[in-house]
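The structure appears below as structure tokens.
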Amino acid sequence: MRKPWALGLLVPALAVLTLFLVIPLVNLLVTSFHAYSSTQGVTSRWTIENYTRFLFDRFYLEVLARTLRVGLETTALCVVMGYPVALFLQQTRGAARNWLTLLLLSPLLVSMVIRAYGWVIILGRNGPVPLYTEGAIIIGLVHVSLAYMVLPILASLEQIDPSVLRAAANLGATPFTTFRRVTLPLTFPGLLAGCVIVFSLSVSAFVTPSILGGTRVKLLSTYIYDQVVSLLNWPYGSAIGFVLIAVSTISLLIFSRVLRRSHTDVVLG
Amino acid sequence: MMRTLHRTYVALIYVFLIAPIAVVMLASLTTTSFVTFPPRGLTLAWYAAIFAHPEFVNSLILSLVVGAGTAVVAGTFGTLAAVAIVRERVAGAGLWLALLSSPLVIPTVVLGIALLQWYTIIALPAGVVPLVIGHTVLALPYVVRLVCAGLAGIDPALERAAAGLGATPLQRLRRVTLPLIAPSVIAGGLFAFITSFDDLTVALFVVSTNVMTLPVRIYNYMQFNYDPLITSVSTVMIVLSIALVIIVERVIGVGRLFGKAAAR
């Protein structure tokens, strides 16, 4: 049944996204293919050097590698910390569970600027992880993204039929074997979803790396900010912006493929 | 044994989650002129000090106005779009949903510089409007998903019954569908408000020295100052966010808000 008037309901939302997301991004893409001169700013000459430049720029390649490393380490830590929390929540019943879920989600209500500042106070006390290091950024990012790892894992734990676990136990599997051979493979979709969300949040995060990395440790997002705001090199800054979009999209594709393959391995092996 | 180990591990992770927030709130009580933890002495002087800095009060008011504006605009536009996709089954629903979710995959720092450039081109001066627009782009995906989830949970027979009894599409939307999905719409609006209230990155590019949201004000202040004013302002912000959620929870129930909202 055709309902042309229903399309009208989509118009306001799509208009906002077209006028203030799509067109501005296309404009920025055009800028990224223009040359920059320190005296004239953005010139009218077309070039691809903003994109080829990074192949020869050692500093830039280091920033790129660091961004990916921080993203991977944050994701790994979120798995190690988030999975046990999801298991615990699933095994807990009643009011305790509601409170623990609320407590897990409550940091999301607090501004990221404030949470990063809390870590500035804690890490500024010269503990094992000093401020303005990769470690400080990772701690801040894990704090920001942990809930996004726990929730999808919890959702797939909830979907496991308890009789499957009883069957494993009846067939003589120890609790650990049941976990490794039954629970873990069955929760892979949730784990995968959590990894994808956390990784993409971490590589594109700005607030946390800016406050906890300071001027010393730069990631792609804070490097873009410096290029545009401090150096006014719009073409190079926007080119790195599109590299960041490409990097997070490509790594997400690889990520999900690798995880899907290891998923089949677990099931078959 | 395993159970105790598991319990302790989870307890430590919860300490990790609460620590930075608790530290900021406790540090605001210090009598020292610099931030220190644990706080030395006990005073509310840093809360009184907020009123000696009218720029923080102005920024708080601006943030509340922009957050409310974002909740209304993103809430309305997102709800209409979700109704079109789930209820009216417009052609290409999957494509529209993907498009409406696209802001999620654009790093906010890239959105920020793209908007800065675009606002300069169209000569839109800094103010409430450009901030609300930027935050609406950020919040739309959440509203659309929340309301889509809410719509999926109601019985389509109710709407068919309304149509069968002679209700026009508009009457049906206003008298049947909207009241049924009100909790998801409110949750969507709340998410939009929080997204806006929390945003630093987009606002950082869009604000001016006169029009500055609270997160940007705090961020700029902490670059050059190390007095506890930041911690008292932050505590006020934390308390406001929590109060808002408690009020909404009283109205629609926490299970609905968190159970559905955050899982998607």
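Just so it is clear: chains get the letters A, B, ... in the order the sequence lines come, proteins before strands, and each one is counted from 1.
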- Taking the six-membered ring for Trp and the single ring otherwise, decide whether the centroids of B/Tyr14 and A/Trp99 are under 6.0 Å apart. no
- Query: Should the heavy atoms of other residues, nucleotides or ligands under 6.0 Å from CZ of A/Arg97 be counted, would the total exceed 12?
  - Reply: yes
- The interface call for A/Val80 against chain B, heavy-atom contacts under 4.5 Å, is both
- Query: Checking A/Val228 against chain B: side chain, backbone, both or neither under 4.5 Å from a heavy atom?
  - Reply: side chain
- Between A/Leu17 and B/Leu140, does a side-chain contact (heavy atoms from CB on, under 4.5 Å) hold up when you go through it step by step? CA-CA 9 Å; A/Leu17 290 188; B/Leu140 262 178; 4.1 Å; yes
- Task: Looking only at non-hydrogen atoms, find the nearest pair between A/Ala13 and B/Phe77 and report the distance.
- Result: CB-O, 3.9 Å
- Task: Examine whether an atom of A/Ile23 lies under 4.5 Å from a heavy atom of chain B, and if so say whether it belongs to the side chain, the backbone or both; otherwise answer neither.
- Result: side chain
- Of all heavy-atom pairs between B/Val10 and A/Pro84, which one has the smallest distance, and what is that distance? CG2-O, 3.8 Å
- Item | Contact list for residues 8-33 of chain A, test side-chain hydrogen bond (donor to acceptor under 3.5 Å, both in side chains), sequence neighbours left out | A/Thr31-B/Gln117, A/Ser32-A/Tyr51
- Task: Please determine, among A/Val26, A/Leu10, A/Leu244, the option with the most heavy-atom pairs under 4.5 Å with chain B.
- Result: A/Leu10
- Note on the structure: Distance col, row B/Thr201:OG1 vs A/Met112:CE, nearest 0.5 angstrom, shows 6.5 Å
- Task: Would you mind checking which part of A/Ile114 comes under 4.5 Å of any heavy atom in chain B, side chain (CB onward), backbone (N, CA, C, O), both or neither?
- Result: both
- Note on the structure: Scored by heavy-atom pairs under 4.5 Å with chain A, the best of B/Thr76, B/Thr231, B/Leu100, B/Leu240 is B/Leu100
- Message: Looking only at heavy atoms and a cut-off of under 4.5 Å, which of B/Ala22, B/Ala81, B/Ala27 has the most pairs with chain A?
- Response: B/Ala81
- Enter the distance from A/Gln91:CD to B/Arg3:CZ here, rounded to the nearest 0.5 Å. 5.0 Å
- Could you look at B/Leu244 and say if it's the side chain, the backbone, both or neither that has a heavy atom under 4.5 Å from chain A? neither
- Note on the structure: Honestly, the part of A/Leu25 sitting under 4.5 Å from a heavy atom of chain B is both
- Against chain B, label A/Leu29 side chain, backbone, both or neither, depending on which of its atoms sit under 4.5 Å from a heavy atom there. neither
- Note on the structure: For A/Gly118 and B/Val24 the tightest heavy-atom approach is CA-CG2, 3.4 Å
- Please name the pair of heavy atoms, one in B/Trp118 and one in A/Leu19, separated by the smallest distance, quoted to 0.1 Å. NE1-O, 3.0 Å
- Message: Can you tell me which portion of A/Val150 sits under 4.5 Å from chain B's heavy atoms? Options are side chain, backbone, both or neither.
- Response: neither
- Message: I'd like to know which of A/Leu154, A/Leu104, A/Val16, A/Asn98 tops the heavy-atom pair count under 4.5 Å against chain B.
- Response: A/Leu104
- Portion of A/Ile224 that has a non-hydrogen atom of chain B nearer than 4.5 angstrom: side chain
- Task: Output the distance between atom CG (B/Leu17) and atom CE (A/Met81), rounded to the nearest 0.5 Å.
- Result: 7.0 Å
- Check each atom of A/Ile197 against the heavy atoms of chain B and say whether the ones under 4.5 Å are side chain, backbone, both or neither. neither
- Message: Any non-hydrogen side-chain atom of A/Tyr117 less than 4.5 Å from a side-chain atom of B/Ile230?
- Response: yes
- Message: Using the side chain to side chain donor-acceptor pair (under 3.5 Å) criterion, which residues pair with A/Tyr83? Sequence neighbours excluded.
- Response: A/Thr187
- Task: Tell me, for B/Pro141 versus chain A, whether the close heavy atoms (under 4.5 Å) come from the side chain, the backbone, both or neither.
- Result: neither
- A/Phe20 vs B/Ile122, side-chain contact (heavy atoms from CB on, under 4.5 Å): CA-CA, chis, key distance, verdict: CA-CA 11 Å; A/Phe20 297 103; B/Ile122 63 174; 4.3 Å; yes
- Query: So, B/Tyr9 versus A/Phe88, ring centres under 6.0 angstrom or not?
  - Reply: no
- Out of curiosity, B/Ser241 OG to A/Leu109 CG, how far, rounded to the nearest 0.5 Å? 6.5 Å
- Identify which part of A/Ser200 has an atom lying under 4.5 Å from any heavy atom of chain B, answering side chain, backbone, both or neither. neither
- Counting heavy-atom pairs under 4.5 Å to chain A, which of B/Ile242, B/Leu204, B/Ile85 comes out on top? B/Leu204
- Message: Is B/Ile21 in contact with chain A via its backbone, its side chain, both, or neither, using a 4.5 Å heavy-atom distance?
- Response: side chain
- Item | Contact class of B/Ser234 relative to chain A, heavy atoms under 4.5 angstrom | both
- Query: Of all of B/Thr79, B/Ile106, B/Val83, which one pairs up most often with chain A through heavy atoms under 4.5 Å apart?
  - Reply: B/Ile106
- Query: Where does B/Phe205 contact chain A at under 4.5 Å (heavy atoms): side chain, backbone, both or neither?
  - Reply: side chain
- Can you label the angle between the A/His143 ring and the B/Phe16 ring as parallel, tilted or perpendicular, going by 30° and 60°? perpendicular
- Task: Would you please go through residues 218-227 of chain B and name the residues with a non-hydrogen atom below 4.5 Å from one of chain A, in numerical order?
- Result: B/Ile218, B/Tyr219, B/Met222, B/Tyr226
- Message: If we define contacts as heavy-atom pairs under 4.5 Å, which of B/Ser102, B/Gly78, B/Pro103 has the most with chain A?
- Response: B/Pro103
- Message: Would you say CZ of A/Arg93 has more than 12 non-hydrogen atoms from neighbouring residues, nucleotides or ligands within 6.0 angstrom?
- Response: yes
- Message: For the interface with chain B, which of A/Val11, A/Leu14, A/Leu89 has the highest count of heavy-atom pairs at distances below 4.5 Å?
- Response: A/Leu14
- Item | Contact residues of residues 107-116 of chain B (partner chain A; heavy-atom separation under 4.5 angstrom) | B/Pro107, B/Val109, B/Val110, B/Leu111, B/Ile113, B/Ala114, B/Leu115, B/Leu116
- Can you name the closest pair of heavy atoms from A/Ser111 and B/Met237 and give their distance? CB-CE, 4.0 Å
